[in-house]
Student: 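Have a look at this one.
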Protein chains: 2
Amino acid sequence: MSTTIDPNHILPRYYQLLTILRDKIDKGEWQPHQAIPSERQLEVLYSVSRTTIRQAVGMLSRQGLVYQQHGKGTFVSPRKLQKGLVELTSFSEDMQQRGLIPGQRILEIRNMEPPPPEILVYLELPPDTPSIFRVERVRTGDDQPIGLQTSFLALPAGQTITQAELEQRGSLYTILQERFNINLHSADETLEVTIANPREAQLLEVPEGSPLLLSERVLWTNDHRAVEFVRILYRGDRYRYTVRLTR
Amino acid sequence: MSTTIDPNHILPRYYQLLTILRDKIDKGEWQPHQAIPSERQLEVLYSVSRTTIRQAVGMLSRQGLVYQQHGKGTFVSPRKLQKGLVELTSFSEDMQQRGLIPGQRILEIRNMEPPPPEILVYLELPPDTPSIFRVERVRTGDDQPIGLQTSFLALPAGQTITQAELEQRGSLYTILQERFNINLHSADETLEVTIANPREAQLLEVPEGSPLLLSERVLWTNDHRAVEFVRILYRGDRYRYTVRLTR
DNA sequence: TAGTGGTCTAGACCACCCT
DNA sequence: GGGTGGTCTAGACCACTAA
């Protein structure tokens with residue numbers, strides 16, 4: 001791993017610097033609440049202008065890895081604040097972060113023609129949209145059922161995704177990105193409490209009437225169009241949701 | 001409201017510009033997916049340098065009000081993306097945003113001596129911390145019970161908060177800021193599902209065994225020290241949690 | 001080719017903190 | 001007073017998009 005900045009590198013200098021600084025924090029070379037070199041010192045150390053320094057440090061600050069105090073310096077955040085907790089992750093990524101092996105059992109996969117009107121509203125699609133792609137899956141962690149997931153997708157006209165493709169790639173997000181070149185930017189999510197009906201109880205292997213955590217997400221692309229509506233019913237006893245909020 | 005930038009104003013120029021641009025978007029002067037003036041045009045329009053323009057527009061972009069596309073321009077986000085959904089809010093602010101009048105019924109307010117060990121762990125305080133301030137309240141919206149809130153605070157030595165003060169100001173956050181000069185920066189929150197025990201059921205006016213949404217928060221100050229641990233049990237039928245996640 | 005946002009420089013002055 | 005981060009300028013070149 002490099003510890004100097006190469007002006008001719010493909011990656012921008014502020015990004016190279018960001019990586020260098022983050023590594024030092026991750027490795028514990030700079031301890032929590034300890035001051036990192038000042039911006040003027042970093043200018044000399046890495047031979048880049050202060051603007052570039054500030055771009056890198058500003059990003060670290062927004063990511064919660066460091067905090068800046070006017071007139072005093074820039075300091076490493078305590079470890080708890082160093083984990084990004086508002087990141088948009090797929091179910092698979094989420095499970096991996098929790099140290100569980102993600103899995104799925106596909107219950108149904110098909111195009112809905114015509115689509116349910118409320119889904120068109122969520123996705124901000126015109127009422128004459130011919131079809132919506134729908135997948136229903138039981139999602140597992142270490143082979144235990146964790147959630148019941150239903151996804152609704154606005155695929156380009158005439159396109160579809162097969163069960164074989166989904167089973168092979170595992171994640172819808174991967175298919176969206178690699179096959180349709182759709183990059184996800186953000187999601188709006190709501191969480192509420194509900195009770196398992198007989199079908200949900202059977203699929204999630206819990207008693208009927210058990211409390212569940214219901215998550216509903218609308219996913220947005222890079223050009224800020226809605227692409228997917230996802231509903232996940234999580235087992236209340238096996239799932240805990242975490243976020244970081246900022247002022 | 002001003003539409004020009006005053007170089008001698010107390011507020012920085014990028015912030016004045018940010019306000020001007022946000023107003024135009026809020027008022028609908030620039031419509032969703034419409035391009036706003038280019039950075040070079042804004043330079044001329046407002047007589048500030050491109051760096052300053054980029055600082056303002058970059059903040060609007062991070063707040064989700066606009067999105068930037070390399071080589072194309074900067075565009076207004078669709079309205080749904082214009083609401084900041086990861087903002088740290090107090091219960092009172094939260095209710096107001098939902099159009100409900102916040103209220104509270106204080107159940108207990110006291111210093112715990114000695115403090116419960118698990119709270120010290122959450123707040124990263126030394127084991128010999130003499131006392132922790134605790135408030136338990138039923139929180140209401142339009143006079144209906146919404147949540148049962150328990151707050152644990154590390155107040156400066158010898159300080160306390162009286163019931164009268166809390167009733168008068170309404171919000172702990174206000175007291176923290178105005179009396180102790182403690183500014184909140186961020187919070188880590190976990191959400192999970194639980195079931196009402198007899199006491200909780202009675203206070204929240206729901207049947208015993210009703211599903212509840214349990215939120216637990218650790219609040220961090222500007223210099224990234226933990227100040228408060230808050231637990232809120234929300235009525236499952238009256239509360240829905242929303243967040244925005246980004247990639 | 002012209003216009004857009006993305007990156008970068010070398011400087012400047014200000015506001016804040018500590019000694 | 002000397003060091004820190006915060007704001008700001010006037011310029012430059014690059015990478016991307018579209019006509």
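Chain naming here is simple, since letters A, B, ... match the order of the sequence lines and numbering starts at 1 in each.
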Student: So what does B/V57 hit on the nucleic acid, given a heavy-atom distance under 4.0 Å: a base, only sugar-phosphate, or nothing?
Tutor: nothing
Student: Kindly say whether, by distance alone, the side chain of A/R40 makes a donor-acceptor pair under 3.5 Å with the base of D/dG2?
Tutor: no
Student: Roughly how many Å is it from CG in A/L42 to C1' in D/dG3, rounded to a whole number?
Tutor: 14 Å
Student: Is the distance from OP1 or OP2 of D/dG5 to the nearest side-chain N or O of A/Q69 less than 4.0 Å?
Tutor: no
Student: On DNA chain C, check which nucleotide each of B/Q41 and A/Y14 is closest to and give me the residue with the more 5' one.
Tutor: B/Q41
Student: OP1 or OP2 of D/dT7 less than 4.0 angstrom from a side-chain nitrogen or oxygen of B/T52, does that happen here?
Tutor: no
Student: When we call it a touch if two heavy atoms are under 4.0 Å apart, what does A/T51 touch: a base, just sugar-phosphate, or nothing?
Tutor: base
Student: Taking atom types as modelled, is there a side-chain donor on B/E167 or B/Q163 under 3.5 Å from an acceptor on the other?
Tutor: yes
Student: Can you measure B/Q16 atom CD to D/dT7 atom P for me and round it to whole angstrom units?
Tutor: 12 Å
Student: Taking 4.0 Å as the cut-off, does a side-chain nitrogen or oxygen of B/S38 come that near to OP1 or OP2 on C/dG3?
Tutor: no
Student: Step by step, would you call A/S49 with A/R13 a side chain to side chain donor-acceptor pair (under 3.5 Å)?
Tutor: CA-CA 10 Å; A/S49 75; A/R13 287 167 229 196; over 6 Å; no
Student: Consider the side chain of B/E39, meaning its heavy atoms from C-beta on, and name the nucleotide among C/dG5, D/dG6, D/dC8 that approaches it most closely.
Tutor: C/dG5
Student: Looking at D/dG6 and A/H70: do their rings stack (centroid distance under 5.5 Å, interplanar angle under 30°)?
Tutor: no
Student: Hey, which of these two, B/G71 or A/P12, hits DNA chain C nearer its 5' end, going by closest nucleotide?
Tutor: B/G71
Student: Over how many whole Å does the gap from A/Y46 atom OH to C/dC8 atom C1' extend?
Tutor: 18 Å
Student: In this structure, how many angstroms lie between the C1' atom of D/dT7 and the CZ atom of B/R54, rounded?
Tutor: 16 Å
Student: Charged N to carboxylate O below 4.0 Å: is that the case for A/R231 and A/E216?
Tutor: yes
Student: Would you classify A/E43 as touching base, sugar-phosphate or nothing, given that sugar-phosphate means primed atoms plus P, OP1 and OP2, and contacts are heavy atoms under 4.0 Å?
Tutor: nothing
Student: Using atom CG of B/L11 as one end and atom C1' of D/dG6 as the other, report the distance to the nearest whole Å.
Tutor: 14 Å
Student: Which of these, B/F229, B/W220, B/F152, sits in a ring-ring contact (aromatic ring centres under 6.0 Å, His included) with B/Y122?
Tutor: B/F229
Student: Distance check needed: C/dG6 C1' versus A/M59 CE, whole Å only.
Tutor: 12 Å
Student: Starting from C1' on D/dC8, measure out to CG on B/L17 and report it in whole angstrom.
Tutor: 13 Å
Student: Any side-chain N or O of A/Q68 under 4.0 Å from OP1/OP2 of D/dG6?
Tutor: yes
Student: Taking 4.0 Å as the cut-off, does a side-chain nitrogen or oxygen of B/K72 come that near to OP1 or OP2 on D/dC16?
Tutor: no
Student: Thinking salt bridges, do B/R179 and B/E165 make one under a 4.0 Å N-O criterion?
Tutor: yes
Student: Do the side chain of B/Q97 and the main chain of B/D94 share a donor and acceptor less than 3.5 angstrom apart?
Tutor: no
Student: Atom CG of B/N8 and atom P of D/dT7: how far apart are they, to the nearest Å?
Tutor: 17 Å
Student: By nearest atom, which of the nucleotides D/dG5, C/dT7, C/dG6 is closest to the A/T74 side chain?
Tutor: D/dG5
Student: For A/R50, answer base if it contacts any base atom (sugar-phosphate contacts may also be present), sugar-phosphate if it contacts only those atoms, and nothing otherwise; contact means non-hydrogen atoms under 4.0 Å.
Tutor: base
